[in-house]
Amino acid sequence: MDLREFIDKTQSLLDRLKSTFEIYEGFQYQRDDRNVEWQNFREKISQDQIEILTAIATQENLQDTIKKIAERNITMPSLLIDDINKIAYDTLGEIIIETNNEIPKIANDYLLMVETMI
């Protein structure tokens, strides 16, 4: 290998390292940015909404918990869930509670963050 080849290979390695570092830095920035979004979400939801998220995440006494909270707030259970999803959409850009089935559940992509938050 002559000097020119050595310089070219070294430059190629440096470019790949730089690219890898930039990707890592971008990921770190996105991760930090995502944490801020979740903190904002947590600050905007009420204690009742945290109880609902906890019941949905754990699936323990789900229907009873949501029904009691709905009665306490003089509203319907579906509206409570819609309110949580609206706050999530406004702060996270996504809804976090899936309501396709009779029993609501936290979307798999967000379950870990919800469990960490509650």
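In this structure, Q39 contributes its side chain and V36 its backbone to no donor-acceptor pair below 3.5 Å. Between the side chain of E5 and the backbone N or O of D2 there is at least one donor-acceptor pair closer than 3.5 Å.
The two residues P104 and I66 have their closest heavy-atom pair at CG-CD1, 4.3 Å. Contact between R72 and E51 at its shortest, heavy atoms only, is NH2-OE1, 3.6 Å.
Every pair passing side chain to side chain donor-acceptor pair (under 3.5 Å) that includes a residue from residues 74-88 is listed here, sequence neighbours excluded: K86-D90. The list of ring-ring contact (aromatic ring centres under 6.0 Å, His included) pairs with a residue in residues 40-75, not counting sequence neighbours, reads W38-F41.
Taking 4.0 Å as the cut-off between side-chain N and carboxylate O, E37 and R42 do not count as a salt-bridged pair. A salt bridge does not link K68 to D64: none of the charged side-chain nitrogens sits closer than 4.0 Å to a carboxylate oxygen.
A 4.5 Å side-chain heavy-atom check between E94 and Y89 finds every atom pair outside the cut-off. Looking at I96 and L111, their side chains never come closer than 4.5 Å, going by heavy atoms from C-beta outward. You'll find the side chain of T65 stays beyond 4.5 Å of the side chain of E60, heavy atoms only.
Here CD of E102 is found 12.5 Å from OG1 of T99. Values are rounded to the nearest 0.5 Å. Rounded to the nearest 0.5 angstrom, L112 CG and I106 CD1 are separated by 12.0 Å. With values rounded to the nearest 0.5 angstrom, S46 atom OG is found 8.0 Å from I69 atom CD1. Interatomic distance, E98 CD to D109 CG, rounded to the nearest 0.5 Å: 8.5 Å. The CD1 atom of I7 lies 5.0 Å from the CZ atom of R4; values are rounded to the nearest 0.5 Å.
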Could you go through E115 and T58, starting from their C-alpha distance and side-chain angles, then the distance that decides it, and tell me whether this counts as side-chain contact (heavy atoms from CB on, under 4.5 Å)? CA-CA 9 Å; E115 288 173 340; T58 62; over 6 Å; no
Output, in order, the C-alpha distance, side-chain angles, deciding distance and verdict of side-chain contact (heavy atoms from CB on, under 4.5 Å) for M76 and L79. CA-CA 5 Å; M76 297 183 336; L79 294 178; 4.2 Å; yes
Let me see the working for I52 and I84 under side-chain contact (heavy atoms from CB on, under 4.5 Å), right down to the final yes or no. CA-CA 9 Å; I52 291 170; I84 295 169; 3.7 Å; yes
Run the side-chain contact (heavy atoms from CB on, under 4.5 Å) test on Q49 and L80 for me, step by step, so that the C-alpha distance in whole Å, both residues' side-chain angles and the decisive distance to 0.1 Å come before the verdict. CA-CA 7 Å; Q49 291 168 328; L80 292 171; 5.9 Å; no
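Screening I81, D48, V114 against L53 for a side chain to side chain contact (heavy atoms under 4.5 Å, CB included) leaves a single residue, V114.
Hydrophobic clustering (ILVMFWY, side-chain heavy atoms < 4.5 Å, transitive): I95 and L92 are in distinct clusters. The same ILVMFWY cluster, assembled from side-chain heavy atoms under 4.5 Å apart, contains both I97 and I45.
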